[in-house]
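All remarks here apply to the structure that follows.
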Number of protein chains: 2
Amino acid sequence: MARNGRQTAAAKGWTEHAERVLKDAGHRSSAPRSAVVEALGRQDCVLTARELVEEIRAEGRDVGIATVYRTLDVLDELGLAQRLDVGEGAPARYEPADPSGEHHHHLVCGSCGRVSSFEDARLEREIDRLARRVDYRIGTHEVILRGDCPTCSSAAG
Amino acid sequence: MARNGRQTAAAKGWTEHAERVLKDAGHRSSAPRSAVVEALGRQDCVLTARELVEEIRAEGRDVGIATVYRTLDVLDELGLAQRLDVGEGAPARYEPADPSGEHHHHLVCGSCGRVSSFEDARLEREIDRLARRVDYRIGTHEVILRGDCPTCSSAAG
DNA sequence: GTCGATGCAAAGAATTTGCAGGACC
DNA sequence: GGTCCTGCAAATTCTTTGCATCGAC
(Lines give C-alpha, C1' and ligand atoms only; values in the text may rest on other atoms or scores of the structure.)
Protein backbone atom coordinates (compact mmCIF):
# COMPACT_ATOMS: atom_id res chain seq x y z
CA MET A 1 0.00 0.00 0.00
CA ALA A 2 2.50 2.64 1.09
CA ARG A 3 5.15 3.07 -1.56
CA ASN A 4 8.28 4.66 -0.24
CA GLY A 5 11.65 4.93 -1.85
CA ARG A 6 10.31 2.96 -4.77
CA GLN A 7 10.52 4.25 -8.30
CA THR A 8 7.32 4.49 -10.28
CA ALA A 9 7.44 2.16 -13.24
CA ALA A 10 6.55 5.15 -15.37
CA ALA A 11 9.50 7.27 -14.20
CA LYS A 12 11.53 7.15 -17.39
CA GLY A 13 8.39 7.56 -19.43
CA TRP A 14 7.38 10.62 -17.50
CA THR A 15 10.66 12.43 -18.17
CA GLU A 16 10.38 11.87 -21.90
CA HIS A 17 6.71 12.74 -21.88
CA ALA A 18 7.39 15.94 -19.98
CA GLU A 19 10.16 17.04 -22.32
CA ARG A 20 7.96 16.47 -25.30
CA VAL A 21 5.04 18.39 -23.82
CA LEU A 22 7.32 21.27 -22.85
CA LYS A 23 8.67 21.44 -26.38
CA ASP A 24 5.23 21.21 -27.94
CA ALA A 25 4.08 24.04 -25.72
CA GLY A 26 6.79 26.22 -27.22
CA HIS A 27 9.29 26.11 -24.40
CA ARG A 28 13.00 25.96 -25.12
CA SER A 29 15.27 23.29 -23.84
CA SER A 30 18.18 24.08 -21.53
CA ALA A 31 20.57 22.22 -19.31
CA PRO A 32 19.11 23.55 -16.04
CA ARG A 33 15.56 22.83 -17.10
CA SER A 34 16.44 19.31 -18.17
CA ALA A 35 18.19 18.75 -14.88
CA VAL A 36 15.03 19.67 -13.02
CA VAL A 37 12.80 17.52 -15.20
CA GLU A 38 15.12 14.55 -14.94
CA ALA A 39 15.55 14.87 -11.20
CA LEU A 40 11.82 15.13 -10.69
CA GLY A 41 11.10 12.20 -12.98
CA ARG A 42 13.61 10.07 -11.14
CA GLN A 43 11.74 10.39 -7.86
CA ASP A 44 8.54 8.84 -6.71
CA CYS A 45 8.24 10.70 -3.44
CA VAL A 46 7.46 14.39 -3.25
CA LEU A 47 10.38 16.81 -3.20
CA THR A 48 10.76 20.44 -2.18
CA ALA A 49 12.46 22.95 -4.47
CA ARG A 50 15.46 22.93 -2.18
CA GLU A 51 15.71 19.15 -2.24
CA LEU A 52 15.54 19.23 -6.00
CA VAL A 53 18.52 21.60 -6.08
CA GLU A 54 20.50 19.31 -3.76
CA GLU A 55 19.53 16.35 -5.87
CA ILE A 56 20.88 18.10 -8.97
CA ARG A 57 24.07 19.30 -7.27
CA ALA A 58 24.71 15.74 -6.15
CA GLU A 59 24.87 14.80 -9.80
CA GLY A 60 27.57 17.37 -10.34
CA ARG A 61 25.20 19.65 -12.23
CA ASP A 62 23.93 23.00 -10.98
CA VAL A 63 20.82 25.12 -11.05
CA GLY A 64 19.56 28.27 -9.36
CA ILE A 65 16.63 27.94 -6.99
CA ALA A 66 14.69 30.55 -8.98
CA THR A 67 14.93 28.38 -12.07
CA VAL A 68 13.65 25.42 -10.11
CA TYR A 69 10.62 27.39 -9.01
CA ARG A 70 10.04 28.70 -12.51
CA THR A 71 10.32 25.25 -14.03
CA LEU A 72 8.02 23.69 -11.45
CA ASP A 73 5.55 26.42 -12.15
CA VAL A 74 5.55 25.63 -15.86
CA LEU A 75 5.28 21.90 -15.18
CA ASP A 76 2.37 22.52 -12.87
CA GLU A 77 0.58 24.67 -15.43
CA LEU A 78 1.00 22.01 -18.07
CA GLY A 79 -0.35 19.38 -15.72
CA LEU A 80 3.00 17.61 -15.67
CA ALA A 81 3.66 18.09 -11.99
CA GLN A 82 1.55 18.06 -8.89
CA ARG A 83 2.08 20.49 -6.06
CA LEU A 84 1.51 19.33 -2.50
CA ASP A 85 1.22 21.65 0.46
CA VAL A 86 1.34 19.91 3.79
CA GLY A 87 0.97 23.16 5.70
CA GLU A 88 2.60 24.07 9.03
CA GLY A 89 4.95 26.45 7.28
CA ALA A 90 6.53 23.59 5.39
CA PRO A 91 7.71 24.39 1.87
CA ALA A 92 5.66 23.14 -1.07
CA ARG A 93 6.51 19.71 -2.43
CA TYR A 94 6.26 18.54 -5.99
CA GLU A 95 5.99 15.23 -7.74
CA PRO A 96 5.59 14.11 -11.34
CA ALA A 97 1.99 13.72 -12.44
CA ASP A 98 1.34 10.40 -14.13
CA PRO A 99 0.09 11.08 -17.67
CA SER A 100 -2.25 8.09 -17.38
CA GLY A 101 -4.17 10.01 -14.75
CA GLU A 102 -3.38 7.43 -12.10
CA HIS A 103 -2.37 9.10 -8.89
CA HIS A 104 -1.94 8.66 -5.21
CA HIS A 105 -2.49 10.59 -2.02
CA HIS A 106 -0.40 11.34 1.04
CA LEU A 107 0.26 10.39 4.62
CA VAL A 108 1.95 13.15 6.60
CA CYS A 109 3.68 12.50 9.91
CA GLY A 110 2.95 15.29 12.35
CA SER A 111 6.03 14.46 14.41
CA CYS A 112 8.88 14.14 11.94
CA GLY A 113 7.29 15.59 8.82
CA ARG A 114 7.81 12.44 6.77
CA VAL A 115 5.51 12.15 3.77
CA SER A 116 4.48 8.80 2.29
CA SER A 117 1.96 7.92 -0.35
CA PHE A 118 -0.88 5.46 -0.81
CA GLU A 119 -3.42 4.74 -3.47
CA ASP A 120 -6.93 3.41 -3.22
CA ALA A 121 -9.41 2.81 -5.98
CA ARG A 122 -12.48 2.92 -3.76
CA LEU A 123 -11.50 6.31 -2.43
CA GLU A 124 -11.07 7.59 -5.97
CA ARG A 125 -14.49 6.30 -6.93
CA GLU A 126 -16.09 7.99 -3.95
CA ILE A 127 -14.40 11.27 -4.78
CA ASP A 128 -15.42 11.08 -8.42
CA ARG A 129 -19.00 10.61 -7.32
CA LEU A 130 -18.71 13.64 -5.07
CA ALA A 131 -17.07 15.76 -7.75
CA ARG A 132 -20.17 15.32 -9.87
CA ARG A 133 -22.48 16.29 -7.03
CA VAL A 134 -21.00 19.61 -5.96
CA ASP A 135 -21.62 22.88 -7.74
CA TYR A 136 -17.97 23.56 -8.51
CA ARG A 137 -16.54 22.21 -11.74
CA ILE A 138 -13.90 19.95 -10.21
CA GLY A 139 -10.58 19.34 -11.92
CA THR A 140 -8.31 17.77 -9.33
CA HIS A 141 -8.43 16.68 -5.73
CA GLU A 142 -6.10 15.80 -2.93
CA VAL A 143 -6.40 13.80 0.24
CA ILE A 144 -4.04 14.08 3.19
CA LEU A 145 -4.14 11.70 6.13
CA ARG A 146 -2.28 13.09 9.13
CA GLY A 147 -0.91 11.19 12.07
CA ASP A 148 2.30 9.53 13.16
CA CYS A 149 4.48 7.40 10.94
CA PRO A 150 5.48 3.90 12.13
CA THR A 151 8.78 5.15 13.53
CA CYS A 152 7.27 8.02 15.49
CA SER A 153 4.33 5.88 16.63
CA SER A 154 6.58 3.31 18.26
CA ALA A 155 8.94 5.94 19.66
CA ALA A 156 6.27 8.12 21.22
CA GLY A 157 3.91 5.35 22.24
CA MET B 1 -24.55 20.19 0.25
CA ALA B 2 -22.36 23.26 -0.03
CA ARG B 3 -22.84 25.44 3.01
CA ASN B 4 -21.72 28.99 2.51
CA GLY B 5 -22.30 32.00 4.63
CA ARG B 6 -24.40 29.88 6.90
CA GLN B 7 -23.67 29.63 10.60
CA THR B 8 -23.10 26.21 12.07
CA ALA B 9 -25.82 25.36 14.54
CA ALA B 10 -23.08 24.63 17.03
CA ALA B 11 -21.44 28.05 16.72
CA LYS B 12 -22.40 29.41 20.12
CA GLY B 13 -21.68 26.07 21.67
CA TRP B 14 -18.23 25.96 20.18
CA THR B 15 -17.21 29.30 21.65
CA GLU B 16 -18.23 28.25 25.14
CA HIS B 17 -16.68 24.83 24.70
CA ALA B 18 -13.41 26.38 23.50
CA GLU B 19 -13.21 28.80 26.40
CA ARG B 20 -13.77 26.00 28.86
CA VAL B 21 -11.14 23.77 27.28
CA LEU B 22 -8.64 26.63 27.21
CA LYS B 23 -9.24 27.29 30.88
CA ASP B 24 -9.01 23.63 31.82
CA ALA B 25 -5.74 23.40 29.94
CA GLY B 26 -4.35 26.10 32.24
CA HIS B 27 -4.55 29.03 29.86
CA ARG B 28 -5.51 32.45 31.12
CA SER B 29 -8.35 34.48 29.77
CA SER B 30 -7.79 37.84 28.15
CA ALA B 31 -9.75 40.29 26.03
CA PRO B 32 -7.70 39.70 22.86
CA ARG B 33 -7.87 35.94 23.19
CA SER B 34 -11.62 36.01 23.78
CA ALA B 35 -12.03 38.24 20.76
CA VAL B 36 -10.26 35.67 18.60
CA VAL B 37 -12.23 32.75 20.01
CA GLU B 38 -15.53 34.57 19.62
CA ALA B 39 -14.77 35.74 16.09
CA LEU B 40 -13.73 32.26 15.06
CA GLY B 41 -16.76 30.65 16.66
CA ARG B 42 -19.05 33.08 14.90
CA GLN B 43 -17.93 31.94 11.45
CA ASP B 44 -18.66 28.81 9.56
CA CYS B 45 -16.33 29.45 6.65
CA VAL B 46 -12.57 29.33 7.00
CA LEU B 47 -10.76 32.56 7.84
CA THR B 48 -7.16 33.71 7.54
CA ALA B 49 -5.35 35.31 10.47
CA ARG B 50 -5.62 38.66 8.70
CA GLU B 51 -9.35 38.27 8.15
CA LEU B 52 -9.77 37.42 11.80
CA VAL B 53 -8.06 40.68 12.76
CA GLU B 54 -10.34 42.65 10.42
CA GLU B 55 -13.34 40.84 11.81
CA ILE B 56 -12.32 41.86 15.33
CA ARG B 57 -11.53 45.46 14.39
CA ALA B 58 -14.96 45.70 12.79
CA GLU B 59 -16.41 45.00 16.21
CA GLY B 60 -14.50 47.94 17.60
CA ARG B 61 -12.10 45.67 19.45
CA ASP B 62 -8.44 45.21 18.60
CA VAL B 63 -5.78 42.53 18.56
CA GLY B 64 -2.24 42.14 17.26
CA ILE B 65 -1.65 39.69 14.45
CA ALA B 66 0.95 37.87 16.52
CA THR B 67 -1.64 37.19 19.19
CA VAL B 68 -4.00 35.83 16.58
CA TYR B 69 -1.33 33.42 15.36
CA ARG B 70 -0.46 32.42 18.89
CA THR B 71 -4.08 31.85 19.81
CA LEU B 72 -4.80 29.85 16.68
CA ASP B 73 -1.77 27.75 17.43
CA VAL B 74 -3.06 26.93 20.88
CA LEU B 75 -6.55 26.20 19.55
CA ASP B 76 -5.05 23.91 16.94
CA GLU B 77 -2.99 22.04 19.52
CA LEU B 78 -6.03 21.52 21.70
CA GLY B 79 -8.01 20.23 18.74
CA LEU B 80 -10.36 23.19 18.92
CA ALA B 81 -9.49 24.61 15.52
CA GLN B 82 -8.66 23.13 12.19
CA ARG B 83 -5.99 24.59 9.94
CA LEU B 84 -6.51 24.51 6.19
CA ASP B 85 -3.78 25.16 3.69
CA VAL B 86 -5.00 25.62 0.16
CA GLY B 87 -1.49 26.12 -1.19
CA GLU B 88 -0.37 28.46 -3.98
CA GLY B 89 1.20 30.81 -1.50
CA ALA B 90 -2.17 31.54 0.05
CA PRO B 91 -2.16 32.16 3.79
CA ALA B 92 -3.41 29.41 6.13
CA ARG B 93 -7.09 29.43 6.98
CA TYR B 94 -8.70 28.33 10.20
CA GLU B 95 -12.11 27.19 11.30
CA PRO B 96 -13.64 25.95 14.52
CA ALA B 97 -13.48 22.18 14.95
CA ASP B 98 -16.80 20.70 15.93
CA PRO B 99 -16.42 18.95 19.30
CA SER B 100 -18.83 16.24 18.14
CA GLY B 101 -16.21 15.18 15.61
CA GLU B 102 -18.48 16.01 12.72
CA HIS B 103 -16.60 17.87 10.06
CA HIS B 104 -16.56 18.88 6.45
CA HIS B 105 -14.11 19.26 3.61
CA HIS B 106 -13.36 21.97 1.09
CA LEU B 107 -13.88 23.09 -2.46
CA VAL B 108 -11.25 25.56 -3.64
CA CYS B 109 -11.74 27.72 -6.72
CA GLY B 110 -8.53 27.94 -8.71
CA SER B 111 -9.67 31.14 -10.41
CA CYS B 112 -10.92 33.38 -7.65
CA GLY B 113 -9.64 31.54 -4.58
CA ARG B 114 -13.09 31.15 -3.08
CA VAL B 115 -13.35 28.32 -0.54
CA SER B 116 -16.61 26.47 0.15
CA SER B 117 -17.35 23.40 2.19
CA PHE B 118 -19.21 20.15 1.77
CA GLU B 119 -19.78 17.07 3.86
CA ASP B 120 -20.32 13.50 2.86
CA ALA B 121 -20.81 10.48 5.08
CA ARG B 122 -19.75 7.94 2.49
CA LEU B 123 -16.47 9.73 1.94
CA GLU B 124 -15.84 9.73 5.67
CA ARG B 125 -16.53 6.01 5.87
CA GLU B 126 -14.13 5.31 3.03
CA ILE B 127 -11.41 7.38 4.68
CA ASP B 128 -11.94 5.71 8.06
CA ARG B 129 -11.50 2.35 6.37
CA LEU B 130 -8.29 3.57 4.76
CA ALA B 131 -6.97 5.05 7.99
CA ARG B 132 -7.08 1.60 9.52
CA ARG B 133 -5.25 0.04 6.61
CA VAL B 134 -2.18 2.26 6.35
CA ASP B 135 0.87 1.91 8.58
CA TYR B 136 0.65 5.44 9.98
CA ARG B 137 -1.43 6.00 13.09
CA ILE B 138 -3.92 8.42 11.60
CA GLY B 139 -5.43 11.23 13.63
CA THR B 140 -7.04 13.60 11.15
CA HIS B 141 -7.54 13.95 7.45
CA GLU B 142 -8.46 16.54 4.91
CA VAL B 143 -9.86 16.45 1.42
CA ILE B 144 -9.63 19.31 -1.05
CA LEU B 145 -11.50 19.33 -4.35
CA ARG B 146 -10.08 21.91 -6.76
CA GLY B 147 -11.76 23.43 -9.74
CA ASP B 148 -13.87 26.45 -10.61
CA CYS B 149 -16.69 27.79 -8.53
CA PRO B 150 -20.12 28.34 -10.15
CA THR B 151 -19.37 32.01 -10.80
CA CYS B 152 -16.01 31.40 -12.43
CA SER B 153 -17.32 28.39 -14.36
CA SER B 154 -20.02 30.41 -16.08
CA ALA B 155 -17.75 33.40 -16.62
CA ALA B 156 -14.87 31.46 -18.14
CA GLY B 157 -16.94 28.88 -19.96
C1' DG C 1 19.17 37.79 -34.57
C1' DT C 2 15.34 37.33 -31.57
C1' DC C 3 13.32 36.07 -27.58
C1' DG C 4 12.93 32.75 -23.99
C1' DA C 5 15.69 31.06 -19.98
C1' DT C 6 19.09 31.74 -16.28
C1' DG C 7 21.30 33.38 -12.02
C1' DC C 8 21.80 36.70 -8.72
C1' DA C 9 20.15 39.66 -5.55
C1' DA C 10 16.45 42.32 -3.90
C1' DA C 11 11.61 42.35 -2.97
C1' DG C 12 7.38 40.42 -0.96
C1' DA C 13 4.48 37.85 2.01
C1' DA C 14 3.31 34.88 5.81
C1' DT C 15 4.55 33.47 10.17
C1' DT C 16 7.53 33.30 14.26
C1' DT C 17 10.17 35.20 17.95
C1' DG C 18 12.65 38.45 21.41
C1' DC C 19 11.51 41.56 24.66
C1' DA C 20 9.56 44.88 27.90
C1' DG C 21 5.38 46.01 29.97
C1' DG C 22 0.68 44.76 31.62
C1' DA C 23 -2.98 41.73 33.36
C1' DC C 24 -4.89 37.48 35.44
C1' DC C 25 -5.24 34.34 39.40
C1' DG D 1 3.44 38.93 43.02
C1' DG D 2 4.71 35.52 39.86
C1' DT D 3 3.69 33.99 35.46
C1' DC D 4 1.26 34.05 31.32
C1' DC D 5 -0.20 37.11 27.60
C1' DT D 6 0.23 41.09 24.58
C1' DG D 7 1.93 44.20 21.05
C1' DC D 8 5.61 45.81 18.47
C1' DA D 9 9.28 45.20 15.60
C1' DA D 10 12.90 42.46 13.96
C1' DA D 11 13.98 38.01 12.15
C1' DT D 12 13.05 33.84 9.40
C1' DT D 13 11.40 31.28 5.55
C1' DC D 14 9.63 30.41 1.29
C1' DT D 15 8.72 32.18 -3.16
C1' DT D 16 8.62 35.72 -6.71
C1' DT D 17 10.61 39.30 -9.51
C1' DG D 18 13.82 42.86 -11.91
C1' DC D 19 17.52 42.87 -14.74
C1' DA D 20 21.55 42.05 -17.49
C1' DT D 21 23.34 38.25 -19.90
C1' DC D 22 23.43 33.83 -22.28
C1' DG D 23 22.02 30.48 -25.44
C1' DA D 24 18.39 27.82 -28.24
C1' DC D 25 16.07 27.85 -32.51
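We name chains A, B, ... by the order of the sequence lines, and we start the count at 1 in each one.
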Please list, chain by chain and in numerical order, all residues satisfying salt bridge (Lys or Arg N to Asp or Glu O under 4.0 Å) with [X], sequence neighbours excluded.
X	value
B:Arg125	none
A:Asp128	none
A:Arg50	none
A:Arg132	none

Looking at residues at least two apart in the chain, or sitting in another chain, which of them share a side-chain hydrogen bond (donor to acceptor under 3.5 Å, both in side chains) with [X]?
X	value
A:Glu38	A:Arg61
B:Arg146	A:Glu142
B:His141	B:His103, B:His105, B:Glu124

If an axis is fit to five pairs at each end of the helix from C:dG1-D:dC25 to C:dC25-D:dG1, what is the angle between the two, to the nearest 10°? 30°
Atom-pair distance (CG on A:Asp62; C1' on C:dA5), nearest Å: 15 Å
Could you write nucleotides 15-25 of chain C as a row of B, S and -, 5' to 3', where a protein heavy atom under 4.0 Å of any base atom gives B, of only sugar-phosphate atoms gives S, and otherwise -? SBBB----BBS
Can you give the first and last nucleotides of DNA chain D, 5' to 3', that have an atom under 4.0 Å from a heavy atom of chain A? D:dC14 to D:dC25
N-O pairing of B:Arg42 and B:Glu59 below 4.0 Å: yes
Sequence neighbours excluded, every pair satisfying salt bridge (Lys or Arg N to Asp or Glu O under 4.0 Å) that has a member inside residues 65-80 of chain B: B:Asp73-B:Arg83, B:Asp76-B:Arg83
Pairing residues for A:His106 by the ring pair (Phe, Tyr, Trp, His ring centres under 6.0 Å) criterion, not counting sequence neighbours: A:His104
